[in-house]
Protein chains: 2
Amino acid sequence: MSNRIQKSALISVFNKDGIEKIANKLASLKIKILSTGGTEKYLNSLGIKTEKVEDLTNYPSIFGGRVKTLHPKIFGGILFRRDCDNDVAERHNLGLPEIDYVIVDLYPFEETVNSSKSHQEIIEKIDIGGISLIRAAAKNYKDVVCISSIEQYEQFLIDLDQNKGNFSLSKRKEYAINSFKLSSNYDNQINNYLQNGKLEKRTKLRYGENPHQEGYFNGNLDSIFEKISGKDLSYNNLLDIDAAYNLMLEFWDDIPTFAILKHNNACGIASRKNIKDAYLDALSGDPVSAFGGVLISNSEINKETANEIKNLFCEVVMAPKFDNYAIKILKEKKNRIILNIKRKKFNDKIVRTCLNGTLIQDKDYITDKVDDLKYVTETRPSKVELTDLIFASKICKHTKSNTIVLVKNLQLLSSGTGQTSRVDALNQAIEKAKKFNFNLDGSVMASDAFFPFPDCVEIANKSGIKSVIQPGGSIKDHLTVEFCNNNDMSMVMTGNRHFKH
Amino acid sequence: MSNRIQKSALISVFNKDGIEKIANKLASLKIKILSTGGTEKYLNSLGIKTEKVEDLTNYPSIFGGRVKTLHPKIFGGILFRRDCDNDVAERHNLGLPEIDYVIVDLYPFEETVNSSKSHQEIIEKIDIGGISLIRAAAKNYKDVVCISSIEQYEQFLIDLDQNKGNFSLSKRKEYAINSFKLSSNYDNQINNYLQNGKLEKRTKLRYGENPHQEGYFNGNLDSIFEKISGKDLSYNNLLDIDAAYNLMLEFWDDIPTFAILKHNNACGIASRKNIKDAYLDALSGDPVSAFGGVLISNSEINKETANEIKNLFCEVVMAPKFDNYAIKILKEKKNRIILNIKRKKFNDKIVRTCLNGTLIQDKDYITDKVDDLKYVTETRPSKVELTDLIFASKICKHTKSNTIVLVKNLQLLSSGTGQTSRVDALNQAIEKAKKFNFNLDGSVMASDAFFPFPDCVEIANKSGIKSVIQPGGSIKDHLTVEFCNNNDMSMVMTGNRHFKH
């Protein structure tokens, strides 16, 4: 592709910073400047000669500026194909200008939202003409240079200087790519604003998962919780809060329930008649891991509970309500983050980076229920066991795979988490439960995926585990069921795998 | 806000399907139809009366249709504010139409790319006028109904029928929101195409992490590997492949290295003089977990290695090269996925859904190197230990937190993964190494984060672990160092935490 000497430029900008230099440079290269309204006045006031777009189009700026540049003479001057004889002739016959540079900016939508006093003011500032000019110039990048942001001025000046207005095709394409990125983001923000009544906020975090990684959060946390006290939320706090929140949504309508999480996994959870007991029994699940953990409750945290919590070093305490004494007690540690959470479901779709792209999936929306269970063993679980099985299954769903969860009397005894082998997960859970002096007799076990072999029920049986909940679906399910039948164990199948990575 | 009876409609569509019904319904409501080029001809051929846009603007369609509707009369007719006396008067004086419905579609960019034979054809189809009309109508949703996609026709017909052309403000806003979503996506696709020469491909996966979840992958995998054989990649395959790929990039320039992963964590990895030995020693790290695993090599897989691999049931085998015999052997299992991988780094930024928003961070880009280590103990690690320490640290970085990794002689002996407590992670690793008959004497240990207490080095010492690599940075580092000094252990600090969740 040949390089091209450009002949005239259209300048129409909100932000006048830096435009003087650009205009002077263009003028020194004998490039004619077309301009509109405020830009024209500004350039003329600096003694820079411009041609008025309205004089070209013979059409006034109307509706208080809502329609200014949307005219075929202007768009024709940008879009005609310089290497197409018909286009060139047509342009000539219709007396259209040749516009070789388009320098147009968009008033940043975020600033629009922040600085405007009313919805109507914000709507008024949605750019129609400018973005159309940018898109037209970017479409015709083969012939036109499109500068759509003040951030490009420095490079543009250097390029103008070095090449006397002559730009390579790859350079023009680069500018075009940036222009479509800009217009896409602009409309995404408008969509966002119209849908939610505000913009998605971008919050810079202290850092990402580790101090050498930059991190950001995009979203409006204030719609799901109110921060009462504590230091700024970190990337890892947010990951833990997310895990805690989603876990607790499973127990929202249950009796008082308290959970403690570390590294996105529950290390303790219990349902009790009152929230203080629920906290204490969650804590006893693994008091070592609880150190520095994230705490969440489905019920109001009262003074008695706060008096227990204050003895634990923990990063975050979340609950739908706190009484005033509790807040006072918990606030004593200045860094401790206290969040008043609302009951909200969010994000039906889950997105994550993978390889050179993105994985998108539905959230795991199934909660296993007693009515949906398939009873596959001769022995049926007792009523108490059934309640424990569902409790265990809910925890399992929110624990990293492979996982085995052990529960007794609505208390998490232990779990094996994030294991490469299911047997390891079970052994780990058993070891851990013993370490914290739990008696596994009469406990129940949940598995996030089916058992490919009967090895897990064999190990479970030796430890006193009496009942099992699992998806089922292995071709060797019958071996596992047979073992349960021979050893007076009960088992139910859900049909629902709950991998979580 | 008052409901509004609409008086005229602009219809300009690529896809004529369903437009007859819409036009007839509008006509039956005495709504005047304005139309352009092909749409006008089509409607007239059906006997539906329309007014020609060119007759209104007195301006021809130019440059082979590149500029058709970009005229102030049209945009003015859409954008004037019906509740603003000045706008109403101005419209009247200039003889502009009142356009109350805008029915315009965009030729889907994906189809454009798929059906076009040349880059220039694709550029030609980038829509300028249509998208401007849609954006103008959506901006003025207070007064205008904007239908921008065939998928809205059914609802639009129902609404027209029920309300005789009268739409509520919230209904018009809903259409506007969809319009800005459409334009944002459209420009995002153009940006994508210009940047990469192709569109990001959206591949529907069999399902997400679990069968009840829908799953998709957005991206072009063919630029990072060639699939030689095997079944379709699943969501969980992709997650594992991502983990394997990123892990192996750490060893790309090393001697032959082989890794086996399960649930995104390495369960075996070894560097050896030849790739067969590397495979066998990776496998011996945990032959149980390896079942159904994802295998990756930094070197060509030859016949001898393939003859070993074929005995293992595994989901995926990845390598930068396979000899012909190896491919033949590995292909024997039809489902086994064989990927020829290229050396590519991808995605500097990592995105994941969190709460009601998105977390964005830099990828963990630091690989710990011998030259950057801080020697903090009286005993220094030997040369062999140093090599093992770096090897262990690389694995640690790619294993889920909390993690402890044990290595001897460039072989992963075991790891504790995804634990809520660091002590648990270490105990788990020690148990696992013993289970597979490894002798820990002289092994080294890596930890993804610092040791808050000296408990881990105490346990390590009892097991014969001689050297430790960890970030450092705890206020109690001196206790850990002191213990090492008293027990003839060496320790190096990297300054780099490697959490990965």
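First the proteins, then the strands, lettered A, B, ... as listed; each starts at 1. Heavy-atom basis, side chains included; hydrogens, waters and symmetry copies ignored.
Residue B:Lys173 touches chain A through its side chain alone, counting heavy-atom pairs closer than 4.5 Å. With a 4.5 angstrom heavy-atom cutoff, A:Leu261 does not touch chain B via any of its atoms. Only the side chain of A:Tyr245 comes within less than 4.5 Å of a heavy atom in chain B; its backbone stays farther off. Both the backbone and the side chain of A:Glu124 come within contact range of chain B, judged by heavy atoms closer than 4.5 Å. Both the backbone and the side chain of A:Glu214 have a heavy atom closer than 4.5 Å to some heavy atom of chain B. Heavy-atom distances place both the backbone and the side chain of B:Gln419 under 4.5 Å from chain A. With a 4.5 Å cut-off on non-hydrogen atoms, B:Lys363 touches chain A through its backbone but not through its side chain. Both the backbone and the side chain of B:Lys139 have a heavy atom closer than 4.5 Å to some heavy atom of chain A. For chain A, the nearby part of B:Asn236 is the side chain; its heavy atoms alone come within less than 4.5 Å. When heavy atoms are compared at a cutoff of 4.5 Å, B:Tyr141 approaches chain A solely by way of its side chain, counted from C-beta outward. For A:Lys435, the part lying under 4.5 angstrom from a heavy atom of chain B is the side chain only. For B:Asp286, the part lying near chain A is the side chain, with the backbone staying farther off; criterion is any non-hydrogen pair under 4.5 Å. If you measure heavy-atom distances from B:Leu96 to chain A, the contacts under 4.5 Å come from the side chain alone.
Per-residue counts of heavy-atom pairs under 4.5 Å with chain A were compared for B:Lys73, B:Glu209, B:Arg91, B:Lys262; the largest is that of B:Glu209. Of the listed residues (B:Leu194, B:Asn356, B:Thr358), the one with the most heavy-atom contacts under 4.5 Å to chain A is B:Asn356. The greatest number of non-hydrogen atom pairs below 4.5 Å with chain B, out of A:Leu182, A:Asn140, A:Val423, A:Leu205, is found for A:Asn140. Between chain B and the options A:Asn188, A:Thr57, A:Asn246, heavy-atom pairs under 4.5 Å are most frequent for A:Asn188. Here B:Ser289 is the residue among B:Ser289, B:Ala243, B:Gly219 with the most heavy-atom pairs under 4.5 Å with chain A. Residue with the most contacts toward chain B among A:Ile360, A:Ile224, A:Ile366, A:Leu355: A:Leu355 (heavy-atom pairs, distance under 4.5 Å). No other option in A:Leu359, A:Ile123, A:Val351, A:Ile190 has as many heavy-atom pairs under 4.5 Å with chain B as A:Leu359. Per-residue counts of heavy-atom pairs under 4.5 Å with chain A were compared for B:Ala176, B:Gly416, B:Cys354, B:Gly215; the largest is that of B:Cys354. With chain A as the partner, the residue from B:Val288, B:Thr69, B:Asn86, B:Asn220 showing the most heavy-atom pairs under 4.5 Å is B:Asn220. Interface check for chain A: of the options B:Thr420, B:Asp364, B:Ile241, B:Asn210, the most heavy-atom pairs under 4.5 Å are formed by B:Asn210.
In this pair, A:Tyr59 and B:His71 present their aromatic rings perpendicular. The plane angle is above 60°, beyond the 30 to 60° band.
Atom NZ of A:Lys349 is surrounded by more than 12 heavy atoms from other residues, nucleotides or ligands within 6.0 Å. Within 6.0 Å of NZ in A:Lys500 there are more than 12 heavy atoms belonging to other residues, nucleotides or ligands.
Between A:Asn265 and B:Gly418, the shortest heavy-atom contact is ND2-O, 3.5 Å. Across every non-hydrogen atom of B:Ile62 and A:Pro72, the tightest pair is CD1-O, 4.3 Å.
Taking the ring centroids of A:His212 and A:Tyr207, they lie at or beyond the 6.0 Å cut-off. No close placement of the A:His501 and B:Tyr235 rings is indicated, their centers lying 6.0 Å or farther apart.
Ion pairing of B:Lys432 with A:Asp424 is present here, as a side-chain N (NZ or NE/NH1/NH2) and a carboxylate O approach within less than 4.0 Å. Salt bridge B:Asp448/B:Arg422: present, at least one basic N to carboxylate O contact under 4.0 Å.
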- request: I would like to know whether A:Phe499 and B:His263 meet side-chain contact (heavy atoms from CB on, under 4.5 Å); could you show each step before the answer?
  value: CA-CA 9 Å; A:Phe499 273 157; B:His263 294 280; 3.5 Å; yes
task: Evaluate the side-chain contact (heavy atoms from CB on, under 4.5 Å) criterion for residues B:Arg135 and B:Phe180: first the C-alpha distance (whole Å), next the side-chain angles of each, then the deciding distance (0.1 Å), finally the verdict.
output: CA-CA 7 Å; B:Arg135 294 184 75 264; B:Phe180 282 112; 4.1 Å; yes
